[in-house]
Amino acid sequence: RVEGRKGVTIKNLRVERFRWGVYAKDADGIRVESCGIHRTAEIPPGGTFLNIWTPPEQAYGSAVLIWKSKGGVVHNNDLRHQQNGLLLYECERMRITRNDASFNSGWGISLYATSDSTVEGNTADFCIRMQERGSRAYQAGADATGLLMVMNSSRNRILRNYFRGGGDGVFVAGFRAPDLKAPCNDNLFEDNDCSLSPNNAFEATFCEGNVFRNNSANNSNFGFWLGYSWKNTLDNNEIRGNRIAG
């Protein structure tokens, strides 16, 4: 736990079975590097549909949680096999690079009110959970996703990541009924592979000015689901073999 400290580096940590492996708040310049964090707190699958609007005070378990911090780096960590890999709350100018947050039952990487940051070269494949839909009926998804962005997470650069086979590959949301409007605007998504989702390779709703360039959005239910969004740019993406629509 790091709180109210600057310039802290956590490196080569091996930890499992806590609520959070690393918890940092008001920790500008923090570095979390080459750690292996597994089996942190996980709500059971089945009946629970995830709440993407969960505030930091009520955060789900995760390998790493960073809150109200600027200029930090999360690099080359193994964050697989739990509910969530990395949760960023109210952060700025973070660099998230070369982490593996695959095989989680919630979110590989989550940005909540986090802006002006770079997420590059990460893998968060098969972040998905099953939701019970009646007797012996299940649906894959439950708002699990490789990358989640909510609450005015804007001007981020999402580059060269793998978010394959998730409930969604990328899930960007800007509105919570009935009255919370918090769009995630002016983000760049470039050279990412978000294919193989049972739902949407990319979902970005109620947001403005996002750019999707050179991405793969194949073999999902929908390639791009951009409901109630405007002034988006879709340039040179591959959108093939989707079950309902590209």
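Between the side chains of N77 and N99, at least one donor N or O lies within less than 3.5 Å of an accepting N or O. A donor and an acceptor atom, one from each side chain of S105 and R129, are located under 3.5 Å apart. Side-chain contact check for N221 and R243: at least one donor-acceptor pair (N or O, by modelled atom type) lies under 3.5 Å. Neither side chain, N152 nor S154, offers a donor N or O lying under 3.5 Å from an acceptor on the other. Residues N236 and N214 bring a donor and an acceptor atom of their side chains to less than 3.5 Å of each other.
Ring orientation note: the planes of F212 and F224 are nearly perpendicular, at an angle over 60° on the 30°/60° scale. Relative ring orientation between F202 and F189 is described as perpendicular, the plane-to-plane angle rising above 60° on a 0-90° scale split at 30° and 60°. Below 30°, between 30° and 60°, or above 60°: for F222 and W225 the angle between ring planes is above 60°, a perpendicular geometry.
For R160, the CZ atom counts as densely surrounded, since its 6.0 Å shell holds more than 12 non-hydrogen atoms of other residues, nucleotides or ligands. Atom NZ of K70 has 12 or fewer heavy atoms from other residues, nucleotides or ligands within 6.0 Å. Within a 6.0 Å sphere centred on CZ of F49, heavy atoms belonging to other residues, nucleotides or ligands number more than 12.
Note that OG of S195 and OH of Y162 are 10.5 Å apart. Values are rounded to the nearest 0.5 Å. Atoms CD and CG, from E92 and N156 in turn, are 10.5 Å apart once rounded to the nearest 0.5 Å. Put simply, CZ on F175 and SG on C184 are 14.0 Å apart, with the number rounded to the nearest 0.5 Å. The structure places CG of N185 at 7.5 Å from CG of N187, a figure rounded to the nearest 0.5 Å. To the nearest 0.5 angstrom, S69 atom OG is 6.0 Å from M94 atom CE. Within the model, atoms OG of S153 and CG of L147 stand 9.0 Å from one another, a figure rounded to the nearest 0.5 Å.
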*So Y23 and F18, side chain to side chain contact (heavy atoms under 4.5 Å, CB included) or not? Walk me through it.*
CA-CA 11 Å; Y23 179 99; F18 288 86; over 6 Å; no
*side chain to side chain contact (heavy atoms under 4.5 Å, CB included) assessment of I37 paired with V22*: CA-CA 8 Å; I37 304 171; V22 172; 3.9 Å; yes
*Go through N210 and N232 one step at a time and tell me if the side chain to side chain contact (heavy atoms under 4.5 Å, CB included) criterion holds.*
CA-CA 5 Å; N210 291 309; N232 296 286; 3.5 Å; yes
*Would you check, one step at a time, whether the test side chain to side chain contact (heavy atoms under 4.5 Å, CB included) holds for R164 with F126?*
CA-CA 6 Å; R164 299 167 295 192; F126 299 105; 5.6 Å; no
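Between I43 and Q83 there is a side-chain heavy-atom pair separated by less than 4.5 Å. Side-chain contact check for I30 versus K6: every heavy-atom pair is 4.5 Å or farther apart. Taking the side chain as every heavy atom from C-beta outward, W53 and V150 approach each other to under 4.5 Å. Looking at heavy atoms from C-beta onward, D78 lies in side-chain contact with H38 at the 4.5 angstrom threshold. Between E208 and P183 the shortest side-chain heavy-atom distance does not fall below 4.5 Å. Y89 is not listed as a side-chain neighbour of T114, based on a closest heavy-atom distance of 4.5 Å or more. Looking at heavy atoms from C-beta onward, D191 lies out of side-chain contact with L159 at the 4.5 angstrom threshold.
Contact check on R1 versus E3 returns a salt bridge, with a Lys/Arg side-chain nitrogen under 4.0 Å from an Asp/Glu carboxylate oxygen. Contact check on R98 versus E120 returns no salt bridge, with no Lys/Arg side-chain nitrogen under 4.0 Å from an Asp/Glu carboxylate oxygen. Ionic pairing of R93 and D116 is not present here: no N-O contact between side-chain nitrogen and carboxylate oxygen is shorter than 4.0 angstrom. For the pair K68 and D26, the salt-bridge criterion is not met [side-chain N within less than 4.0 Å of a carboxylate O].
Between F171 and W107, the ring center distance fails the sub-6.0 Å criterion.
Between the S229 side chain and the A204 main chain, a donor and an acceptor come within less than 3.5 Å of each other. The closest donor-acceptor contact from the side chain of S216 to the backbone of D193 lies at 3.5 Å or more, if one exists at all. Of the possible polar contacts, one joining the Q82 side chain to the R80 backbone as a donor-acceptor pair under 3.5 Å is found. Under the 3.5 Å distance criterion, the side-chain polar atoms of T123 are left unmatched by any main-chain donor or acceptor of D100. Not a single donor-acceptor pair under 3.5 Å links the side chain of S34 to the backbone N or O of N12. The main-chain N or O of D168 is never found under 3.5 Å from a side-chain atom of N200 such that the two would form a donor-acceptor pair. Side-chain N or O atoms of N76 include none that pairs as donor or acceptor with a backbone N or O of T97 at under 3.5 Å.
Residues N199 and A140 share a closest heavy-atom pair of ND2-O, 3.1 Å. Across all non-hydrogen atoms, the minimal contact from A124 to C127 is O-SG, 3.9 Å. Across every non-hydrogen atom of N122 and N161, the tightest pair is N-OD1, 2.8 Å. Contact record, N242 with N219: OD1-N, 3.4 Å, taken as the closest heavy-atom pair. The two residues A144 and I128 make their nearest non-hydrogen contact at CB-CA, 3.6 Å. Pairing each heavy atom of V32 with each of C35, the nearest pair is CG1-SG, 4.1 Å.
Clustering ILVMFWY residues whenever any of their side-chain heavy atoms sit less than 4.5 angstrom apart, transitively, puts L86 in the very cluster that holds V2. Residues L65 and Y112 fall within the same hydrophobic cluster, defined by Ile, Leu, Val, Met, Phe, Trp and Tyr side chains chained together at heavy-atom separations under 4.5 Å. Hydrophobic clustering (side-chain heavy atoms under 4.5 Å, transitive across Ile, Leu, Val, Met, Phe, Trp, Tyr) keeps L87 apart from I109. At a threshold of 4.5 Å between side-chain heavy atoms, the hydrophobic network of Ile, Leu, Val, Met, Phe, Trp and Tyr places L111 and V73 in two separate groups. Residue I96 is not grouped with residue L148 when hydrophobic side chains (ILVMFWY) are merged at heavy-atom distances under 4.5 angstrom, including chains of intermediate members.
In terms of the side chain to side chain donor-acceptor pair (under 3.5 Å) criterion, residue partners of D235 (sequence neighbours excluded) are, by chain and number, R213. Under the rule for a side chain to side chain donor-acceptor pair (under 3.5 Å), the partners of N237 that lie at least two apart in sequence or sit in another chain are N215.
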